[in-house]
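Notes follow once the structure below has been shown.
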Amino acid sequence: MVTVNTDSLSPIPAPLALLNAMVADGVKSFAFDEAVRRAGRSRTATANLLQRLTERGLLDRVCRGRYAIRQLGVLGTTAAAEDIALAVGAAFGARPHRIAYRSALDEHDLISHGSRTIQVAVTRQSRIRSARLSDRPLLLVLEPEAAIRLGALDRDESWVSDIERALLDAAARPELAGGSAVIAEALVSAGTRANPDKLQRYAETLGWTAALRRLGSLADALDVGGLAGRLRPILAPLGDIDLEPRAASKTAWRDSKWWVLWPETPQEIASVARQ
């Protein structure tokens with residue numbers, strides 16, 4: 001048996017001792033005031049300690065007063081570079097929020113090109129005073145509090161839209177998703193992973209008739225497995241709507257079932273969605 005004289009060991013440096021204690025307690029992110037309490041130092045001394053950890057790449061300052069502990073294997077990177085959920089969770093904590101729109105599509109690997117901007121749905125009470133999150137642009141989208149957690153998955157101290165809510169979000173606000181071609185790509189990628197009954201229920205709960213019509217039109221015209229022919233309008237269409245409301249005012253094809261005007265033909269969008 002090998003014994004070690006612990007009296008001869010050098011004490012763990014204070015910055016590492018603080019992180020060790022937090023990791024041992026299962027902490028992944030924390031606020032500045034919690035670090036002050038745990039460190040037992042003045043606010044100035046604690047700020048200097050956190051700055052040293054950040055400079056060494058062991059810690060990431062996500063936004064003002066909020067930090068994320070970097071995991072082994074990604075030391076030196078920002079939290080948002082490797083784990084958006086960790087960065088968002090560090091910034092928002094328990095305040096109502098949901099990683100949504102294009103960011104959620106990217107989180108579920110439904111699109112080939114993500115967005116550098118992190119898109120988060122929030123209530124007014126959840127807003128933070130920052131236009132950036134862990135060195136990435138942050139876009140906050142206001143939603144009613146009752147809608148924030150509908151279809152939200154608990155992920156690494158944060159919340160993210162599930163596949164069905166992500167698709168519905170994108171169809172409700174195509175400009176935030178990147179347009180109809182991106183939504184089509186996500187829908188095709190989701191395929192049988194998406195539950196049509198859940199999509200239908202979410203749309204009816206939110207009253208998003210236009211979003212469901214866009215998804216139904218895409219699913220049927222592109223013959224998306226698991227979704228084609230499985231969705232139905234909440235109300236009978238009374239007039240045409242655009243597949244991409246902010247696109248140039250041209251119509252290449254009209255879906256006579258869903259009454260949706262497409263800026264490109266189904267063949268053109270399918271060629272992009274299935275690349």
Side-chain angles (χ1 to χ4, degrees), residues 29 31 61-66 68 78-80 83-108 110-111 114-180 182-183 186-187 190 194 198-215 234-235 241-247:
S29 63
R61 183 177 181 271
V62 173
C63 63
R64 183 177 181 182
R66 302 292 308 187
T78 63
D83 192 338
I84 289 178
L86 176 61
V88 172
F92 289 90
R95 287 173 290 184
H97 71 275
R98 190 184 75 257
I99 300 170
Y101 304 95
R102 187 168 183 140
S103 293
L105 297 178
D106 192 23
E107 283 291 285
H108 291 293
L110 298 180
I111 54 178
S115 172
R116 176 164 171 74
T117 298
I118 300 173
Q119 298 172 335
V120 181
V122 297
T123 64
R124 291 189 181 278
Q125 293 75 23
S126 302
R127 301 186 73 175
I128 61 175
R129 297 177 181 177
S130 176
R132 301 186 71 81
L133 193 64
S134 193
D135 291 330
R136 288 179 60 173
L138 173 66
L139 175 65
L140 302 180
V141 183
L142 289 179
E143 288 186 0
E145 189 161 358
I148 286 291
R149 291 284 170 82
L150 179 65
L153 298 172
D154 187 356
R155 178 173 293 179
D156 203 2
E157 301 187 346
S158 185
W159 296 87
V160 61
S161 300
D162 62 15
I163 288 178
E164 293 79 14
R165 182 64 196 270
L167 292 171
L168 202 59
D169 283 346
R173 300 285 298 274
E175 73 279 6
L176 295 181
S180 54
V182 174
I183 300 172
L187 199 64
K198 191 183 290 187
L199 260 175
Q200 189 81 36
R201 185 173 71 251
Y202 288 172
E204 291 174 356
T205 300
L206 295 166
W208 285 2
T209 58
L212 187 63
R213 284 170 65 184
R214 293 185 184 110
L215 290 180
I234 298 174
L235 300 170
I241 62 171
D242 290 316
L243 183 62
E244 193 169 339
R246 298 189 181 184

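Quick note: residue numbers are just sequence positions, from 1.
Residues meeting the side-chain contact (heavy atoms from CB on, under 4.5 Å) test with A171, sequence neighbours left out: A211, R214, L215. With sequence neighbours left out, R61 forms a side-chain contact (heavy atoms from CB on, under 4.5 Å) with R64, Y67. Every residue two or more places apart in sequence or in another chain that forms a side-chain contact (heavy atoms from CB on, under 4.5 Å) with S103 is listed here: I99, I118, Q119. Taking the side-chain contact (heavy atoms from CB on, under 4.5 Å) definition, one finds that A194 meets it with I163, E164, L167, A190, L227, sequence neighbours left out. In this view, R165 and E143, D169 satisfy the side chain to side chain donor-acceptor pair (under 3.5 Å) rule, not counting sequence neighbours.
Formation of a donor-acceptor pair under 3.5 Å by the R136 side chain with backbone atoms of R116 is found in this model. Judged by distance alone, the side chain of R95 and the main-chain N or O of F92 form a donor-acceptor pair under 3.5 Å. No side-chain donor-acceptor contact under 3.5 Å links H108 to the backbone of A186. Judged purely by atom type and a 3.5 angstrom limit, E244 uses its side chain to pair as donor or acceptor with the backbone of S180. Side-chain atoms of R98 do not come within 3.5 Å of backbone N or O of A121 as any donor-acceptor pair.
Nearest heavy-atom pair, P96 versus I148, reported as atom, atom and distance to 0.1 Å: C-CG2, 4.0 Å. Residues S134 and A87 come closest through the heavy atom pair CB-CB, 4.4 Å. The two residues V182 and A177 make their nearest non-hydrogen contact at CG1-O, 3.2 Å. Taking each heavy atom of T123 and P144 in turn, the nearest pair found is CG2-C, 4.3 Å. Between R149 and W159 the shortest heavy-atom distance is NH2-NE1, 3.2 Å. Annotation for S29 and A90: closest pair CB-CB, 3.4 Å, computed over non-hydrogen atoms.
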Check the pair L139 / L176 against side chain to side chain contact (heavy atoms under 4.5 Å, CB included), numbers first and verdict last.
CA-CA 10 Å; L139 175 65; L176 295 181; 3.8 Å; yes
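The CZ atom of R173 sits 11.5 Å away from the CD1 atom of I183 when rounded to the nearest 0.5 Å. Rounded to the nearest 0.5 Å, atoms CZ (R132) and OG1 (T117) are 8.5 Å apart. For the atom pair L110 CG and R102 CZ, the distance stands at 12.0 Å (nearest 0.5 Å).
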Using residues 202-209 as the side-chain source, report each donor-acceptor pair under 3.5 Å to any protein atom, sequence neighbours left out, with the distance given to one decimal.
residue: Y202; atom: OH; partner: D162; partner atom: OD2; Å: 2.7
residue: E204; atom: OE2; partner: Q200; partner atom: NE2; Å: 3.2
residue: T205; atom: OG1; partner: R201; partner atom: O; Å: 2.9

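You'll find the side chain of H97 reaches within 4.5 Å of the side chain of S158, heavy atoms only. When side chains are defined from C-beta on, L142 counts as touching V122, because their heavy atoms get closer than 4.5 Å.
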